[in-house]
J.: 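Here's a structure for you.
For reference, positions follow the sequence shown, starting with 1.
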Amino acid sequence: MASRVAVGIAGTGICAAPRVMTNHDFEKLVDTSDEWIVQRTGIRERRFVAPEQATSDLCIAAGRQALENSGLRPEDLDLVVVGTLTPDYLLPACATLVQTGLGATRAGAFDVNAACTGFLTALHTGEAFIAAGRARNVLVLGAESLSRFLDMSDRASCILFGDGAGAAVLRPHAETGRGEILRSTLGADGSGYDLIHMRGGGAKIPPTAESLAKGEHFIRLRGREVFRFAVTKMADLILEMVEGFDPADVCVVVPHQVNARIIEAAIERVGWSMDRVFVNIDKYGNTSAATVPMALHEAIEQGRLQPGKLVVFVAFGAGLTWGGTLIRW
C-alpha cells in the first residue's frame, strides 16, 4: 500500500460581503439594542450580500485570493469543494459555478453541507483526496449567504448571522512547507436536528405559498440548548485535538465564530486564556461555514500563526455536526 501523502495549506483567501449591517441598524427592525447584542453575542456588525450577489460570487473572490497566495493558477486545481448550506441553487452544486467562474477547467467540483462544520468537512475531504493520491491541488471553501434566509422579525436569530466566504488551497506538505494537517475528526448526532433548522425548501417541505406564509424557509434555532451543546463540544474538541501534544505548543485556536460568550466559556472549561484564541465575530457575526476560513485568513495576516507551532480549528453546527483539525504551521 502506498504511504499517505502529508497535506499542507498553501494559501488562504477571504471575501466579506459588501453591505455592513450594524447593531444600530437592527434597532430599527426589532426590539433590541447595540448594548444587548454586544453583551450576549459579541457581535457589533455583520455583512450582507448585495441584491445581485450570491454565495458563488463570494467563493470566486475568496478562491482567487487563495490561489494567488498559493502561487497556483486556476487550471492547476484538481478539485473544488464548497462547504455551504446556502448554495446559489439546489441544483447544480455551488462548487460547479465556482469552478467555472475561476477557470479551473481541469477540476472536479462538488458541495458538502454540514452547516457550520462545512469548511472543516470540505477541508477533511480535500485532505483525503490528496493523502490518497487522488488529487494534488485542491481548493476548499466555506461560504454562506445567510441573510437570504433570515426572518427579520425574529430577534433571536436575525441579529446573529452574516454573509462571507473563506478559502484555502491544499497541496502536498512537501510543496507547501507549512500548515501540515496532523489530525482531523468529524462527528454528528442527528437526534439534535431540531436545535437549528430551516425546514422549508427541500423535498419534505417543498416551497409553496403555504410554507412561505408559515416562514418555513427561515433559519430557526433554540438558543439555550445550542449554547450548552456548543460550549461542551468546543471544549471537548480542543482537548481531543491536542491529546498527545504539548498544549504549550498551541499558538492559536481558530474556532467557529458562533458567539463570543460560547467561545469564552469553552476556553475557560479547557483552562486556557482567551489570548490564545482568534476572534473576529465582532466584525462579521456568525457566517456559518465561512467563519473558520475567514478567521484563519485574518489570523495569518495578523501574524498570529507562528512557524512550527500548533493551530487548532474547531466547529459545530446544525445536524448536529462537529469537527476539529490540528495543524502545525
J.: Do F227 and I196 land in one hydrophobic cluster if side-chain heavy atoms of ILVMFWY residues count as linked below 4.5 Å?
T.: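 F227 and I196: one cluster.
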J.: Within a strict 4.5 Å, meaning less than it, do heavy atoms of the R183 and M241 side chains meet?
T.: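 Sidechains of M241 and R183: in contact.
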J.: Closest heavy-atom contact between L141 and G63?
T.: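 What the structure gives for the nearest pair is CD2-N, 4.1 Å.
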J.: With distance as the sole criterion, is a donor-acceptor pair present between the side chains of R106 and N137 under 3.5 Å?
T.: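 Looking only at side-chain atoms, N137 and R106 do not form any donor-acceptor pair under 3.5 Å.
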J.: List, by chain and then residue number, the residues other than L212 in its hydrophobic cluster (Ile/Leu/Val/Met/Phe/Trp/Tyr, side-chain heavy atoms under 4.5 Å); write none if there are no others.
T.: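 Traced through the cluster, L212 reaches no other member.
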J.: Taking all atoms of both residues into account, what is the closest heavy-atom pair of R178 and W329, and its distance?
T.: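 Closest approach of R178 to W329: NH1-CZ2, 3.1 Å.
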J.: State the NE2-CD1 distance between H297 and I9, to the nearest 0.5 angstrom.
T.: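 The CD1 atom of I9 is 13.0 Å from NE2 of H297, to the nearest 0.5 Å.
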J.: Let's go through C251 and V311 carefully: what are the C-alpha distance in whole Å and the side-chain angles of both, what is the deciding distance for side-chain contact (heavy atoms from CB on, under 4.5 Å) to 0.1 Å, and is it a yes or a no?
T.: CA-CA 6 Å; C251 64; V311 182; 3.9 Å; yes
J.: Would you say V270 ends up clustered with W322 if hydrophobic residues are merged whenever their side chains have heavy atoms under 4.5 Å apart, either directly or through other cluster members?
T.: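 Yes, because W322 and V270 connect within a single hydrophobic cluster, where side-chain heavy atoms sit under 4.5 Å apart.
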J.: Would you give the length of the straight line joining atom NE2 of H197 to atom CZ of R222, rounded to the nearest 0.5 angstrom?
T.: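 Between H197 NE2 and R222 CZ, I get 8.5 Å after rounding to 0.5 Å.
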J.: Do the side chains of D76 and L67 get nearer than 4.5 Å, heavy atoms only?
T.: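 They are not in contact (no side-chain heavy atoms under 4.5 Å apart), so the answer is no.
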J.: In the structure I gave you, are the side-chain heavy atoms of L150 and I219 within less than 4.5 Å of one another anywhere?
T.: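 In contact.
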J.: Applying side chain to side chain donor-acceptor pair (under 3.5 Å) to R64 and N69, what does each step give before you reach the verdict?
T.: CA-CA 9 Å; R64 283 184 179 141; N69 288 336; over 6 Å; no
J.: List the atom pairs, donor and acceptor, that lie under 3.5 Å between side-chain atoms in residues 88-97 and the rest of the protein, sequence neighbours left out.
T.:
| unit_1 | atom_1 | unit_2 | atom_2 | d |
| --- | --- | --- | --- | --- |
| D88 | OD1 | T55 | N | 3.2 |
| D88 | OD1 | S56 | N | 2.9 |
| D88 | OD2 | S56 | OG | 2.6 |
| T96 | OG1 | A93 | O | 2.6 |

J.: Tell me, do T176 and V169 make a side-chain contact under 4.5 Å, heavy atoms counted?
T.: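 Answer no - side chains too far apart.
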J.: Step by step, work out the side-chain contact (heavy atoms from CB on, under 4.5 Å) result for L310 and I327.
T.: CA-CA 6 Å; L310 301 174; I327 71 169; over 6 Å; no
J.: For a 4.5 angstrom cut-off between non-hydrogen side-chain atoms, does D194 reach R199?
T.: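 They are in contact (side-chain heavy atoms under 4.5 Å apart), so the answer is yes.
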J.: Could you check whether R261 pairs with E264 (Lys NZ or Arg NE/NH1/NH2 to Asp/Glu carboxylate O, under 4.0 Å)?
T.: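 Judged by the 4.0 Å cut-off on N to carboxylate O distance, R261 and E264 do not form a salt bridge.
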J.: Taking the side chain as C-beta and beyond, is there a heavy-atom pair between P255 and V277 under 4.5 Å?
T.: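 When only atoms from C-beta onward are counted, V277 and P255 do touch, with a gap below 4.5 Å.
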J.: Take R44 and I37, measure what side-chain contact (heavy atoms from CB on, under 4.5 Å) needs, and give me the verdict at the end.
T.: CA-CA 7 Å; R44 296 185 181 276; I37 296 172; over 6 Å; no
J.: Heavy-atom count around E27 CD within 6.0 Å, excluding the residue itself: above 12?
T.: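 Buried by this count: over 12 neighbours within 6.0 Å.
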J.: Is the side chain of Q257 donor-acceptor paired with the backbone N or O of I281 at a distance under 3.5 Å, no angle test?
T.: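 Yes; at least one donor-acceptor contact below 3.5 Å.
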J.: Enumerate the residue pairs fulfilling ring pair (Phe, Tyr, Trp, His ring centres under 6.0 Å) with a member in residues 228-278, sequence neighbours excluded, ordered by first and then second residue.
T.: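 Of all non-adjacent pairs touching residues 228-278, those that pass ring pair (Phe, Tyr, Trp, His ring centres under 6.0 Å) are H256-F316.
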J.: Check whether any side-chain heavy atom of V279 lies under 4.5 Å from a side-chain heavy atom of M274, and answer yes or no.
T.: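 In contact.
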J.: To the nearest 0.5 angstrom, please state how far the CZ atom of F119 sits from the OG1 atom of T117.
T.: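 Reported value, rounded in 0.5 Å steps: 12.5 Å.
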J.: Do you see a donor-acceptor pair shorter than 3.5 Å between the side chains of E127 and H124?
T.: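 No.
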J.: On a heavy-atom basis, which atom in V140 and which in G126 lie closest, and how many Å separate them?
T.: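 For V140 versus G126, the nearest heavy atoms are CG1-CA, 4.3 Å.
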J.: Before giving the answer on side chain to side chain donor-acceptor pair (under 3.5 Å), spell out for S147 and D163 the whole-Å C-alpha distance, their side-chain angles and the decisive distance to 0.1 Å.
T.: CA-CA 7 Å; S147 62; D163 304 336; 2.6 Å; yes
J.: Between E298 and N280, is there a side-chain donor-acceptor contact under 3.5 Å, judged purely by atom types and distance?
T.: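 Note: N280 and E298 side chains meet the donor-acceptor criterion.
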J.: Quick test of your reading: applying salt bridge (Lys or Arg N to Asp or Glu O under 4.0 Å), list the pairs with at least one residue in residues 227-250, sequence neighbours left out, ordered by first then second residue.
T.: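 Sorted pair list: D249-K309.
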J.: May I ask you to say whether E216 pairs ionically with K214, meaning some side-chain N is under 4.0 Å from a carboxylate O?
T.: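 Looking at E216 and K214, the cut-off is not met.
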J.: Is the shortest side-chain heavy-atom distance between P293 and I14 below 4.5 Å?
T.: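 P293 vs I14: side chains apart.
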J.: If Ile, Leu, Val, Met, Phe, Trp and Tyr residues are connected whenever their side-chain heavy atoms lie under 4.5 Å apart, and connections chain through other members, are V49 and I60 in the same group?
T.: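 No, no single cluster joins them.
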J.: Any chance CZ of R19 has more than 12 other-residue heavy atoms, nucleotides or ligands included, within less than 6.0 Å?
T.: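 No, CZ of R19 has 12 or fewer neighbouring heavy atoms, counting only those of other groups under 6.0 Å.
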J.: Taking all atoms of both residues into account, what is the closest heavy-atom pair of T325 and I181, and its distance?
T.: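 Scanning both residues completely, I find the closest heavy atoms to be CG2-CG2, 4.0 Å.
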J.: Hey, any chance V81 and V98 share a hydrophobic cluster, counting ILVMFWY side chains that come within less than 4.5 Å of each other, even indirectly?
T.: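 No, it is not one cluster - the side chains of V81 and V98 are not joined through contacts under 4.5 Å.
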J.: I need the I205 CD1 to H217 NE2 distance, nearest 0.5 Å.
T.: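 Here the interatomic distance stands at 12.5 Å.
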J.: Between T41 and N259, do the side chains contain a donor N or O and an acceptor N or O under 3.5 Å apart?
T.: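 T41 and N259 do not have a side-chain donor-acceptor pair below 3.5 Å.
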J.: Enumerate the salt bridge (Lys or Arg N to Asp or Glu O under 4.0 Å) contacts for residues 144-160, please, sequence neighbours excluded, ordered by first and then second residue.
T.: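 Residue pairs with at least one partner in residues 144-160: D151-R220, D154-R220.
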J.: Can you name the nearest heavy-atom pair linking L170 to I130, along with the distance?
T.: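 L170 and I130 have their closest heavy atoms at O-CD1, 3.4 Å.
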J.: According to a 4.5 Å side-chain heavy-atom criterion applied to Ile, Leu, Val, Met, Phe, Trp and Tyr, with indirect links allowed, do I43 and V292 form part of one hydrophobic cluster?
T.: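 In one cluster: no.
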J.: Please report the shortest heavy-atom distance between V112 and G118, naming the atom on each side.
T.: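 For V112 and G118, the tightest heavy-atom pair comes out as CG2-O, 3.8 Å.
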J.: Please round to the nearest 0.5 Å and tell me the distance separating atom OG1 of T86 and atom CG of L146.
T.: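 Nearest 0.5 Å value for the OG1-CG distance: 5.0 Å.
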J.: May I have the step-by-step check of side-chain contact (heavy atoms from CB on, under 4.5 Å) for L237 and L239, ending in yes or no?
T.: CA-CA 5 Å; L237 283 167; L239 293 173; over 6 Å; no
J.: Could you work out, with side chain to side chain donor-acceptor pair (under 3.5 Å) as the rule, every residue matching S191, not counting sequence neighbours?
T.: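 S191 satisfies side chain to side chain donor-acceptor pair (under 3.5 Å) with D189 once adjacent residues are dropped.
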J.: Once you round to the nearest 0.5 Å, how far does CG of L58 lie from SG of C15?
T.: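 It is 4.5 Å, given to the nearest 0.5 Å.
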J.: Give a yes or no answer on whether the side chain of R47 reaches the backbone of A17 with a donor-acceptor pair at less than 3.5 Å.
T.: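 Answer holds: yes.
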J.: Around E68, counting heavy atoms of other residues, nucleotides and ligands shown, do more than 12 lie under 6.0 Å from its CD?
T.: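 12 or below, so no.
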